[in-house]
Q: 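If you scroll down you'll find the structure; I have some questions about it.
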Amino acid sequence: MRSSRLLLVTLRDEPAEAEIVSHRLLLRAGFIRRVSAGVYAYLPLMWRVLRKVSAIVRQEMETIGALEALLPQLQPAELWQRSGRWAGYTAGEGIMFHLQDRQGREMGLGPTHEEVVTALAADLLRSYRQLPVCVYQIQSKFRDEIRPRFGLMRAREFIMKDGYSFHADEACLRRAYAEMDGAYRRIFQRCGLRAVAVEADSGAIGGSASQEFMVTAEAGEDLILATPDGRYAANQERAVSLAPEAVPLPPQPCRELSTPGQETIDDLCEAHGFHPSQIVKVLLLLARFAEGAPQPVLVSLRGDQQLNAVKLANALQARVNDRGALLQVMPIEAEALGKEDLEPLPFGSLGPHLEDDQFAGARSWTPRLLRLTDATASALPSFVCGANRPGVHLVGATWQELGPTAATEALDLREAQAGDRCVADPSQRLEAARGIEVGHIFQLGRKYSEALGATFTTEQGEEQALWMGCYGIGVSRLAQAAVEQLHDAQGIRWPVSIAPFEVIIVIANIQDATQVTVAEALYENLRGLGVETLLDDRPERAGVKFKDADLVGIPFRVVVGRGAAAGEVEVVCRHGGDPETLAAAAAGDWLRERVRRERSGLLDDSLGGDP
RNA sequence: CGGGAUGUAGCGCAGCUUGGUAGCGCACUUCGUUCGGGACGAAGGGGCCGCAGGUUCGAAUCCUGUCAUCCCGACCA
């Protein structure tokens with residue numbers, strides 16, 4: 001390909017809309033253009049990168065016997081209603097783009113494909129003899145993100161590889177999951193990325209085991225907590241840890257303490273010399289579900305700990321099973337109580353023993369509290385907490401004294417923090433790092449197959465629901481994550497395996513006929529050798545072309561310049577190292593060898609050559 | 001959805017306070033010089049000042065509404 005025909009539009013100025021370096025570089029180097037919020041055009045350079053990433057994904061999926069298919073993006077609501085996810089994905093802040101067709105039928109644009117693929121499995125899979133099966137696809141997904149940002153990192157339309165496996169039993173699912181884990185590690189490695197696998201929350205997908213693959217980068221939206229030896233690593237949403245020991249409260253009979261205006265943990269500690277770990281704090285929240293009445297929730301936590309919203313949501317979903325999907329959890333405020341015709345509550349001095357009577361007359365809420373207690377709070381033998389009267393706290397309270405309503409099962413609801421000790425190995429403390437989630441694999445179990453009636457007949461002639469796994473890779477996100485991890489002040493530094501071109505030939509002076517002749521000959525030579533080559537034949541000054549080459553980030557740059565008359569060219573590696581001067585006639589073979597080595601020896605040549 | 005900000009040429013921005021025929025840099029076109037790290041000179045082209053109302057003799061500028069985009073938060077496989 002020739003630069004003059006590449007639709008290469010680079011920007012000298014930083015685009016104002018881009019916040020992180022990878023987004024800026026992709027815009028400046030002419031890889032992407034924004035079409036609307038979270039919706040991007042992949043320009044020819046980007047599309048070549050995405051095709052290369054996809055090719056690696058396809059090869060590794062092929063290796064583990066997965067089958068490529070293509071499922072519809074436009075999906076009927078009915079399927080999602082059967083799995084119970086329609087309301088959760090569309091109501092309120094729903095992430096699913098949905099619409100009505102001209103007949104008034106509800107449709108959604110696929111944010112993922114469990115429903116469609118499970119319905120197909122129900123249709124196609126009848127016997128254990130057909131199992132296991134794994135199908136995958138690479139296509140655009142749609143998610144109406146509340147706040148799209150960072151270019152392709154959190155886009156509303158993006159390219160994803162999603163795969164689904166079907167098994168006769170759980171052991172087989174586990175084997176496939178492990179194989180997929182291996183394939184994912186090879187994919188990220190071959191794309192030149194440093195990625196780590198971490199334990200993850202299964203979230204709205206559901207299921208048991210799940211693991212995320214994170215590209216470590218400062219710009220990452222997720223927080224990873226890991227031990228220094230790397231044997232434990234988890235997303236903070238999921239991470240468990242040992243909380244610091246609480247500072248014991250001196251033994252004392254329970255008494256009231258006047259605390260006017262002291263409404264926060266900090267206020268109490270400052271005024272009375274308490275340590276935050278001596279206080280039980282109470283959060284009042286309202287959980288909204290797809291069906292039925294909103295549920296007021298009282299969460300008790302040790303004062304020095306933070307609530308983990310994901311753990312809370314999982315606990316709520318597990319305990320409230322008559323109202324469909326959990327849609328939203330929000331703090332209860334005074335105004336909301338008023339709308340429910342409820343008496344005001346002494347926010348700031350609430351205690352775990354808050355009476356259900358307070359909610360008895362609610363207009364639309366469930367008239368009693370659901371109480372959840374974090375283990376760090378329930379483990380306190382004696383503590384400070386609100387007295388449920390304005391300006392009064394209790395000191396030396398115990399769970400026994402607060403009564404049976406207050407004491408509930410101890411749960412893990414707290415956020416693990418950097419510095420906490422690791423549960424599996426208390427000699428190690430968790431360290432924090434930021435990561436970009438590029439892949440996620442799940443053992444789904446039978447949730448979807450049961451909901452959608454996807455059953456098969458066992459060897460014994462019994463009808464059972466299929467065991468399922470699902471496996472995602474954000475292809476477009478991965479490509480940008482590579483830029484985030486691999487760039488310098490001059491621009492992008494693509495690994496050879498996913499670079500839009502492998503070699504760029506820069507003609508220093510297009511008016512020098514010798515340079516042009518030498519460059520054209522080398523270009524033909526490289527194309528013949530199957531090396532993906534871009535020839536910068538634009539009538540620009542050399543400096544402009546060098547800057548653009550650095551920005552675009554093609555791994556090998558050949559400069560045909562002053563040495564051309566003597567039959568010499570210069571080769572520069574974008575990843576560093578000194579320029580090398582080579583005989584023009586030998587440069588083709590030299591480059592082919594270098595490129596071949598760095599393709600990881602695995603990428604086939606199907607993308608090679610030029611039209 | 002709450003808080004904040006911004007919409008003026010393809011990109012980056014000024015002009016708005018104090019209303020009077022829309023500017024700068026880059027990019028683009030032509031010519032000349034230059035030619036190995038984003039050249040120089042000259043001459044050009046390109047904007048319904050986000051959109052809709054209103055005030056005014058007159059609105060990019062003031063007022064109202066609306067849409068869009070970005071940031072923070074909530075939220076989010």
Side-chain angles (χ1 to χ4, degrees), chain A residues 8-20 23-24 27-30 33-39 85 88-89 92-96 110-114 141 143-151 153-156 158 160 162 198 200-207 210-214 221-222 235 237-238 285 288 309-310 313-314 326-331 333 437-442 444 470-474 477 489-491 506-512 515 536 538-551 557-564 569-570 572 579 581:
Chain A
L8 177 64
V9 180
T10 57
L11 303 175
R12 189 175 298 198
D13 294 315
E14 300 268 301
E17 72 187 49
E19 180 82 351
I20 63 174
H23 187 193
R24 284 202 297 267
L27 285 166
R28 277 191 61 208
R33 281 294 169 105
R34 193 185 69 82
V35 173
S36 84
V39 179
R85 290 207 296 181
Y89 270 64
E93 313 268 343
I95 202 162
M96 192 168 184
T112 177
H113 280 72
E114 281 81 10
K141 289 284 187 286
R143 294 186 191 176
D144 192 1
E145 294 287 348
I146 293 171
R147 189 174 163 207
R149 56 184 149 176
F150 304 147
M153 290 291 190
R154 184 166 292 278
R156 298 198 298 167
F158 59 98
M160 184 175 184
D162 51 325
V198 305
D201 181 71
S202 299
I205 294 279
S210 103
Q211 184 169 274
E212 287 172 339
F213 293 86
M214 296 282 192
E221 292 188 87
D222 289 285
N235 192 312
E237 292 178 346
R238 156 88 181 202
L285 305 163
R288 293 183 187 280
V310 172
N314 290 339
L326 175 65
L327 299 183
Q328 188 188 24
V329 179
M330 54 192 277
E333 284 164 3
E437 180 191 348
V438 290
H440 201 159
I441 58 179
F442 300 78
L444 284 180
C470 81
Y471 317 95
I473 290 180
R477 178 186 280 185
Q490 271 59 250
V506 176
I507 305 174
N509 184 349
I510 198 84
Q511 292 169 351
D512 181 327
Q515 289 181 21
D536 194 344
R538 296 173 300 169
E540 295 286 347
R541 295 164 62 87
V544 172
K545 295 202 263 195
F546 293 151
K547 289 284 187 192
D548 274 348
D550 287 345
L551 187 59
R557 185 177 80 207
V558 181
V559 182
V560 181
R562 291 187 184 119
V569 298
E570 189 179 283
V572 187
T581 301

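So you know, we letter chains A, B, ... as the sequences are listed, proteins then strands, and number each from 1. Here the structure is a predicted model, which means the values were calculated and not measured.
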Q: Which atom names give the shortest non-hydrogen contact between A:Leu27 and A:Pro15, and what distance separates them?
A: CB-CG, 3.7 Å
Q: Is the phosphate of B:A39, meaning OP1 or OP2, less than 4.0 Å from a side-chain N or O of A:Arg541?
A: yes
Q: Quick one: does A:Glu145 reach the base of B:C75 with a side-chain donor-acceptor pair under 3.5 Å?
A: no
Q: In plain terms, say whether A:Arg238 and A:Glu212 are close enough for a salt bridge, that is, a side-chain N and a carboxylate O under 4.0 Å apart.
A: no
Q: When you check the phosphate oxygens OP1 and OP2 of B:C11, does a side-chain N or O of A:Arg12 lie under 4.0 Å from one of them?
A: no
Q: Tell me if the side-chain of A:Glu14 makes a donor-acceptor pair with the base of B:G12, cut-off 3.5 Å, by modelled atom types.
A: no
Q: Output the rounded distance in Å from CZ (A:Phe546) to P (B:C35).
A: 15 Å
Q: Could you let me know what B:C1 is paired to, Watson-Crick or G-U wobble, both distances under 3.5 Å, or none if it's on its own?
A: B:G73
Q: Using only modelled atom types and a 3.5 angstrom limit, is any donor from either the side chain of A:Arg24 or the base of B:G12 paired with an acceptor on the other?
A: no
Q: Could you tell me how far B:C57 sits from B:C11 if I compare only their P atoms? Round to whole Å.
A: 38 Å
Q: Can you check the A:Asn235 CG to B:A77 P distance for me, whole Å?
A: 12 Å
Q: Closer than 3.5 angstrom, by distance alone: can the side chain of A:Arg28 be matched with the main-chain N or O of A:Leu11 as a donor-acceptor pair?
A: yes
Q: Considering only the P atoms, how many Å lie between B:G19 and B:C63, rounded to the nearest integer?
A: 12 Å
Q: Using heavy-atom distances to pick each residue's nearest nucleotide on RNA chain B, tell me which of A:Val559 and A:Pro148 is more 5'.
A: A:Val559
Q: How close or far is atom P of B:A77 from atom CE of A:Met96, stated in whole angstroms?
A: 14 Å
Q: Atom CD of A:Gln328 to atom C1' of B:A74: distance rounded to whole Å?
A: 10 Å
Q: Which whole number of Å gives the distance between the C1' atom of B:G10 and that of B:U17?
A: 31 Å
Q: Does any donor-acceptor pair link the side chain of A:Arg34 with the base of B:G10 at a separation under 3.5 Å?
A: no
Q: How far does the P atom of B:A5 sit from the matching atom of B:A14, given to the nearest Å?
A: 16 Å
Q: From the options B:C71, B:G36, B:U69, select the nucleotide whose nearest atom is closest to the side chain of A:Ala542.
A: B:G36
Q: Answer with base, sugar-phosphate or nothing: what part of the nucleic acid does A:Asp548 contact at a heavy-atom distance below 4.0 Å?
A: base
Q: A:Glu19 has an atom CD; how far is it from atom P of B:U69, in whole Å?
A: 17 Å
Q: What I want to find out is whether A:Glu221 reaches A:Arg154 closely enough, with some N-O distance under 4.0 Å, to be called a salt bridge.
A: yes
Q: Rounding to an integer number of angstrom, what distance separates B:C26 and B:C40 when you compare their P atoms?
A: 7 Å
Q: With a 3.5 Å distance limit and no angle check, can you tell me whether A:Gln515 reaches the backbone of A:Asn509 through a side-chain donor-acceptor pair?
A: yes
Q: Is there a side-chain contact between A:Asp548 and A:Arg538 in this structure, where contact means two heavy atoms from C-beta onward sitting under 4.5 Å apart?
A: yes
Q: Taking atom P in both B:A9 and B:G4, what distance in whole Å separates the two?
A: 27 Å
Q: Suppose you measure atom C1' in B:U30 against the same atom in B:A68; what distance do you get, rounded to whole Å?
A: 38 Å
Q: In terms of side-chain geometry, is the basic nitrogen of A:Glu14 or A:Arg24 positioned less than 4.0 Å from the acidic oxygen of its partner?
A: yes
Q: Only pairs with both distances under 3.5 Å count, Watson-Crick or wobble alike; so what is the partner of B:G25 in this structure?
A: B:C11
Q: Where the side chain of A:Asn509 is concerned, which of B:C75, B:C35, B:A39 is the nearest nucleotide?
A: B:C35
Q: What integer number of Å spans the P atoms of B:C16 and B:G7?
A: 13 Å
Q: When you match A:Gln490 and A:Ala16 each to their closest nucleotide on RNA chain B, which lands nearer the 5' end?
A: A:Ala16
Q: Let me know the distance between CG of A:Asp536 and P of B:G38, rounded to the nearest Å.
A: 15 Å
Q: Write down the distance between CD1 (A:Ile510) and P (B:C35), rounded to a whole number of angstrom.
A: 16 Å
